[in-house]
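Here's the structure we're looking at; comments come further down.
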Amino acid sequence: MPTPSNLPSAAHVDPREILEQLTSDASPDVGAAFADLVASYLARAASGEDPVSTALDPAQLAGMFAEPVPETGGPLATVLQRVARDVVPESNWLHHPMAMGHQVAPPLPVAIWSESLIAALNQSIAVWEMSPVGSSIEGRVIRWMCDLAGYGDTAGGTFTSGGTEATTTALLSARNARFPDAWEKGMGGRGTIVCGADAHYAVTRAAGILGVGTDNLVSIPSRDNRMDVRALAAQLAVLVGRDAGIIAVVATAGSTATGSFDDLSAIADLCEDQGIWLHVDGAHGASALFSTRHRGRLRGMERARSVAWDPHKMMLMPLSAGMLLMRDARDLDSAFAQRAPYLFGEGGAERVRDQGRRSFMCSRRADALKVWIALQRHGRRGIGAMYDHLCETTHELWRSIADRPDFEAVHEPESNILCFRYVGDHTDTDEALDDTNAALRVRYNRSGHGWITTTLLNERRMLRVTVMNPRTTPDHARSMLARIAELALAPRQGAS
């Protein structure tokens, strides 16, 4: 393998040639060529006629791109041809109506086009003077979301890369509030974080990152896929009794496995009684605030001190667009303790405008701009209608499963996530069905017909769908069931 000292010398490139390329690539024709490529993909994916995902294995995909770094550039038309040939067809087509896999959105078209504007302006939202309009828009979008959450005038927040960063930042704020000397002196084995058994792994990760330690993470068992409030009350009494230094209780609104919502009001009651910080991981489910039909699932969230929320999930934004909301913005101001006079203002309004001091990131994209543009285009009611549609399609799938003896749904969906199980003629053991369902998921995805995921519930292997595409209908969902059943029966019929 070449080393830096024996790499071939690059041929001299005339700077004027580079400038000519820059000028040419900035033309409307080039922009239109990229737009045509994207629009063609969107149309083909929406038609549902192509495979949902690649049939190639990891080695085959890696081989397609096994090449040295290009020494000289080539015509842009050739580059785009390669992208159209090798990149687009072998990617996951999230805009395909049969794509029902992970919690990754098929982005709203207006947000897709916004990405090129965000990249062209390339504003850094860490510091107001580096992005005066972008910072103002982020502040306004955060204010809109705080209003939806029921927070008052003292609330604030920041955009993040996603729910993991948002939850970690919230727990950092909670840690500093509970142990004000932790930033300088560390934790030294102090402190406890409490969460549900179905909490996102972000909570465990935060416990390790913040020095609390995963051994000091207390998991509350679930009842019907939600945190058991009675078990939480009993555990809090024990922890408070031995002065365990509770940093926060983390509740979940829209769990990853089943899309379930913890009883936020009851959990808030317990936290308020003991003066404990309540953080709500609403990365998936907080967008229910846009829905008049589903926002009741979030009752009590307004009493949390912090909320994680991912517009790149149920608001259908492109990756990445996460948010952290704080009931009192001062809690977020105290999360990070660095001084950087070469970047940040030292007091007054500048502390609020310079979002970099509230965030892990210094280089921060103006991701709030695409959310702002999408809300200008669709409005609160439009986003809410899409949320309702995705949930209703999932509920229709649940009804379809109830009508079939060869499938079994293990919960009624509260959002757009449903776990179910192929059970055939009910003669196989649970262990055999675990293997069957795991194999069916692989075979189904490789068939190109659709794309689903899998998970474990109560130590049993489940098939799992997440309906993220507004173009997905109940007929598509029923087609998915029919195809899985065909694959399950094919070996018994001697098919390959």
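The structure presented is a predicted model; accordingly, all values stated were derived computationally and were not measured. For the single chain, residues carry numbers from 1 onward in sequence order.
N469 and H476 share no side-chain donor-acceptor pair at under 3.5 Å. Side-chain contact annotation: W309 with S287, donor-acceptor N/O pair under 3.5 Å present. Side chain to side chain, S291 and D388 meet the donor-acceptor criterion of an N or O pair below 3.5 Å. Checking H279 against T167 by side-chain atom types alone, a donor-acceptor pair falls below 3.5 Å. For D475 and T473, the side-chain atoms include no donor-acceptor pair closer than 3.5 Å. No side-chain donor from either of N216 and T192 sits under 3.5 Å from a side-chain acceptor of the other.
In this structure, the separation between NE2 on H312 and CD on Q103 is 9.5 Å, given to the nearest 0.5 Å. Here the CD1 atom belonging to I401 is positioned 7.0 Å from the CZ atom belonging to F407, to the nearest 0.5 angstrom. In this structure, OG1 in T472 is found 8.0 Å from CG in L390, a value given to the nearest 0.5 Å. Put simply, CE on M326 and OG on S306 are 5.0 Å apart, with the number rounded to the nearest 0.5 Å. The structure places CG of L270 at 5.0 Å from CG of L232, a figure rounded to the nearest 0.5 Å.
H389 contributes a side-chain N or O that, together with a main-chain N or O of P470, makes up a donor-acceptor pair within less than 3.5 Å. Panel note: side chain S116, backbone W113; a donor-acceptor pair is recorded below 3.5 Å. Although no hydrogens or angles enter the test, the distance criterion places no donor-acceptor pair under 3.5 Å between the side chain of K313 and the main chain of A283. Side-chain atoms of N416 do not come within 3.5 Å of backbone N or O of C391 as any donor-acceptor pair.
Sorted by first then second residue, the salt bridge (Lys or Arg N to Asp or Glu O under 4.0 Å) pairs that include residues 34-54, not counting sequence neighbours, are R44-D50. For the side chain to side chain donor-acceptor pair (under 3.5 Å) condition, no pair includes a residue of residues 201-215, sequence neighbours left out. Within the structure, every pair that satisfies the side chain to side chain donor-acceptor pair (under 3.5 Å) test and touches residues 257-274, not counting sequence neighbours, is listed here: S255-T258, T258-S260, D269-R303, E272-R303.
With salt bridges taken as basic N to acidic carboxylate O contacts below 4.0 Å, one links R460 and D434. Between R143 and D147 there is a salt bridge, with a side-chain nitrogen of the basic residue lying less than 4.0 Å from a carboxylate oxygen of the acidic one. Using a cutoff of 4.0 Å between basic side-chain nitrogens and carboxylate oxygens, E486 and R443 are not scored as salt-bridged. The residues E90 and R85 are annotated as not salt-bridged, no charged nitrogen and carboxylate oxygen being separated by less than 4.0 angstrom. For R295 and E302, the salt-bridge test fails: no basic side-chain N is under 4.0 Å from an acidic carboxylate O.
Here the two rings, on F420 and H411, have centers that are 6.0 Å apart or farther. Between W451 and H102, the distance separating the two ring centers is shorter than 6.0 angstrom. Taking the centre of each ring, Y387 and F290 stay at or above the 6.0 Å mark.
Looking only at side-chain heavy atoms (C-beta outward), R293 and E392 come within less than 4.5 Å of each other. A 4.5 Å side-chain heavy-atom check between R471 and H96 finds every atom pair outside the cut-off. Under the 4.5 Å side-chain criterion, counting only non-hydrogen atoms from C-beta, I125 is not in contact with F159.
For the side chain to side chain contact (heavy atoms under 4.5 Å, CB included) with V250, the qualifying choice from I193, I267, L278 is I193, the only one to do so.
Crowding of D403 atom CG: a count of heavy atoms from other residues, nucleotides or ligands under 6.0 Å exceeding 12. Other residues, nucleotides and ligands contribute at most 12 non-hydrogen atoms within 6.0 Å of the CZ atom of R446.
In plain terms, the two heavy atoms of G156 and I142 that are nearest each other are C-CG2, 3.8 Å. Shortest non-hydrogen contact noted between A197 and P221 is CB-CA, 4.2 Å.
Shown here are the ring-ring contact (aromatic ring centres under 6.0 Å, His included) partners of W398, two or more places apart in sequence or in another chain: H395. Qualifying side chain to side chain donor-acceptor pair (under 3.5 Å) partners for D198, counting only residues two or more places apart in sequence or in other chains: S222. Residues meeting the salt bridge (charged side-chain N to carboxylate O under 4.0 Å, His left out) test with R364, sequence neighbours left out: E138.
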